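A short worksheet on the structure shown next.
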Amino acid sequence: HLLSHTSGLPDFTREELEAKVARSHSTDADLYAVLDRPPLAPPGQHWAYADGPYRILSRLVERASGIPFGDYV
C-alpha cells in the first residue's frame with residue numbers, strides 16, 4: 001500500500017515539505033508528524049498520491065538493512 005499510494009496515510013503539509021527541501025532530507029520528526037495524523041482512508045480503499053508514505057518506506061528499508069536507502073538501492 002505504501003508503494004501504490006493506497007496506504008491511507010496523509011502526506012506532509014506544505015510547511016513540512018518546504019522545511020524538508022531546505023534541509024534536503026526527511027527527519028524522524030517529519031515522519032512521525034505524518035504518522036501521528038489520522039489516516040485519510042482505510043488501507044487499500046482510496047488512491048491518493050503522497051510523498052510521506054514513500055519516505056516512511058525508505059526509512060523502514062534503512063532501519064531493516066542498516067545502510068542508507070540510496071546505498072541500498
Side-chain angles (χ1 to χ4, degrees):
H1 292 295
L2 291 171
L3 288 174
S4 65
H5 302 289
T6 59
S7 69
L9 293 175
D11 202 357
F12 296 113
T13 64
R14 177 186 219 55
E15 293 80 15
E16 290 165 341
L17 283 171
E18 289 171 357
K20 181 176 74 78
V21 168
R23 286 189 313 271
S24 75
H25 68 282
S26 298
T27 65
D28 283 346
D30 295 331
L31 302 178
Y32 290 134
V34 170
L35 291 170
D36 282 343
R37 292 189 191 104
L40 302 174
Q45 298 297 310
H46 177 72
W47 183 93
Y49 180 84
D51 189 50
Y54 273 176
R55 298 294 178 187
I56 291 166
L57 183 60
S58 66
R59 189 60 53 103
L60 289 171
V61 169
E62 289 177 340
R63 295 277 170 91
S65 69
I67 59 175
F69 183 70
D71 292 346
Y72 183 86
V73 172

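Computed from heavy atoms alone, side chains included, the values below leave out hydrogens, waters and symmetry copies. Bear in mind that the values here come from a model prediction, so they are computed numbers and not experimental data.
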Tell me, which pairs form a salt bridge (charged side-chain N to carboxylate O under 4.0 Å, His left out) where one or both residues lie in residues 41-51, sequence neighbours left out? Lys20-Asp51, Asp51-Arg55
Using every non-hydrogen atom in the two residues, find where Phe12 and Gly52 come nearest and quote the distance to one decimal. CE1-CA, 3.5 Å
How would you list all residue pairs meeting salt bridge (charged side-chain N to carboxylate O under 4.0 Å, His left out) that involve residues 31-49, not counting sequence neighbours? Glu16-Arg37
To the closest 0.5 Å, what do you measure between CG (Leu17) and CG (Asp11)? 6.0 Å
Are Leu57 and Ile67 connected into the same hydrophobic cluster when the rule is that any two of I, L, V, M, F, W, Y join if their side-chain heavy atoms are below 4.5 Å apart? no
Could I get the full list of side chain to side chain contact (heavy atoms under 4.5 Å, CB included) partners for Leu35, not counting sequence neighbours? Leu9, Tyr32, Ile56
Examine Leu60 and Leu31 and state if one hydrophobic cluster contains both, with Ile, Leu, Val, Met, Phe, Trp and Tyr joined whenever side-chain heavy atoms are less than 4.5 Å apart. yes
Any ring-ring contact (aromatic ring centres under 6.0 Å, His included) involving residues 51-70? Give me the pairs, sequence neighbours left out, ordered by first then second residue. His5-Tyr54
Residues forming a side chain to side chain donor-acceptor pair (under 3.5 Å) with Gln45, sequence neighbours excluded: none
Are Leu3 and Leu40 linked, directly or through intermediate hydrophobic residues, by side-chain heavy-atom contacts shorter than 4.5 Å (ILVMFWY only)? no
Give the minimum heavy-atom separation between Pro53 and Pro10, together with the two atoms involved. CD-O, 4.0 Å
Could you work out, with side chain to side chain donor-acceptor pair (under 3.5 Å) as the rule, every residue matching His1, not counting sequence neighbours? Thr6
Take a 6.0 Å sphere around CZ of Arg23 and say whether it holds more than 12 heavy atoms from other residues, nucleotides or ligands. yes
